[in-house]
Amino acid sequence: MSEIEGQCLCGAIRFRLSGGLRNVVVCHCSQCRRWHGHVGAYTRVAKVDLKVEGDVAWFRSSELARRGFCRGCGSSLFWERLGTDMVSVAAGSLDEPTGLRTTLQIFAEDAGDYYEIDDRISVRPPRSAGA
Ligand SMILES: [Zn+2]
Ligand SMILES: [Zn+2]
C-alpha cells in the first residue's frame, strides 16, 4: 500500500503514513466514545512508518495507553499502547481516498445505548483487558 496523509482539523498537525496500513477497526469502548465523541475508528502502522509535523499533545488515558491530540483544535488523532512499536491513527483524520475498509469491531459489549452495532462488520468476542 502506498502513502496516505492526514491532518487535524486546524492543520497544525499533519502526518504521513507509509508501509502496511491495517484496515480500520471500530472500537466501542467507553474511553474511545468519550475521547472521540462517539466510537473510535483506527488504522494502525509501525511508529517508524508515521511521520508527524506539528506538536502532538499526549494524554495518558490508562496504565496501558496514551492518546495524542491537537492542542489547537482538539482533534483526537492517535492511540498508542505503551511499550510497543505500533501506533493507531484515527481513520477520520486521513485524506481520501484511504483505500481502507472497516473490517472489525471491538469492545462491542461496551457500546453505547444510543446506537446499534452494525452486524455487517465482524465483532471480536469480549475479553477483559480495557483500552
Ligand atoms: Zn489542530
Ligand atoms: Zn476504545
Side-chain angles (χ1 to χ4, degrees):
M1 207 173 293
S2 54
E3 293 193 332
I4 296 180
E5 296 188 14
Q7 66 170 62
C8 67
L9 184 57
C10 77
I13 297 172
R14 283 202 58 86
F15 45 89
R16 175 172 297 158
L17 313 174
S18 56
L21 298 187
R22 188 193 63 189
N23 271 321
V24 175
V25 173
V26 168
C27 182
H28 296 274
C29 84
S30 58
Q31 288 192 21
C32 279
R33 289 189 295 108
R34 288 196 191 281
W35 177 252
H36 293 287
H38 189 39
V39 298
Y42 293 100
T43 184
R44 188 176 64 181
V45 289
K47 284 179 189 169
V48 295
D49 292 330
L50 173 65
K51 298 283 181 282
V52 178
E53 289 173 34
D55 184 23
V56 177
W58 291 95
F59 171 66
R60 182 74 179 269
S61 54
S62 76
E63 291 191 356
L64 298 175
R66 64 178 188 163
R67 293 171 183 262
F69 63 99
C70 174
R71 275 191 193 86
C73 66
S75 296
S76 44
L77 301 169
F78 306 117
W79 183 90
E80 185 181 294
R81 184 180 287 275
L82 300 171
T84 70
D85 57 2
M86 304 296 290
V87 58
S88 295
V89 179
S93 67
L94 301 174
D95 297 343
E96 296 186 331
T98 66
L100 300 174
R101 295 181 58 238
T102 297
T103 55
L104 183 67
Q105 302 180 91
I106 63 174
F107 293 104
E109 65 276 21
D110 293 337
D113 63 4
Y114 58 90
Y115 64 95
E116 303 301 320
I117 299 291
D118 186 341
D119 58 15
R120 295 169 301 179
I121 302 168
S122 299
V123 175
R124 189 184 72 184
R127 64 184 183 200
S128 53

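Counting starts at 1 for both ligands and their atoms, following the listed order.
Under the 6.0 Å cut-off for aromatic ring centres, F69 and W35 qualify, their centroids lying closer than that. F15 has its ring centre less than 6.0 Å from the ring centre of F78.
Geometry note: the Zn ion (ligand 2) is the vertex, C29 SG and C32 SG are the arms, and the angle is 110° (rounded to 10 degrees). Put simply, the angle at the Zn ion (ligand 1) from SG in C10 to SG in C70 is close to 110°, to the nearest 10°.
Taking 2.8 Å as the criterion, H28 does not count as a coordinating residue of the Zn ion (ligand 2), since none of its N, O or S atoms falls below it.
A salt bridge links E80 with K47: at least one charged nitrogen is closer than 4.0 Å to a carboxylate oxygen.
At distances below 3.5 Å, not a single donor-acceptor pair connects side-chain atoms of T43 with backbone N or O atoms of V89.
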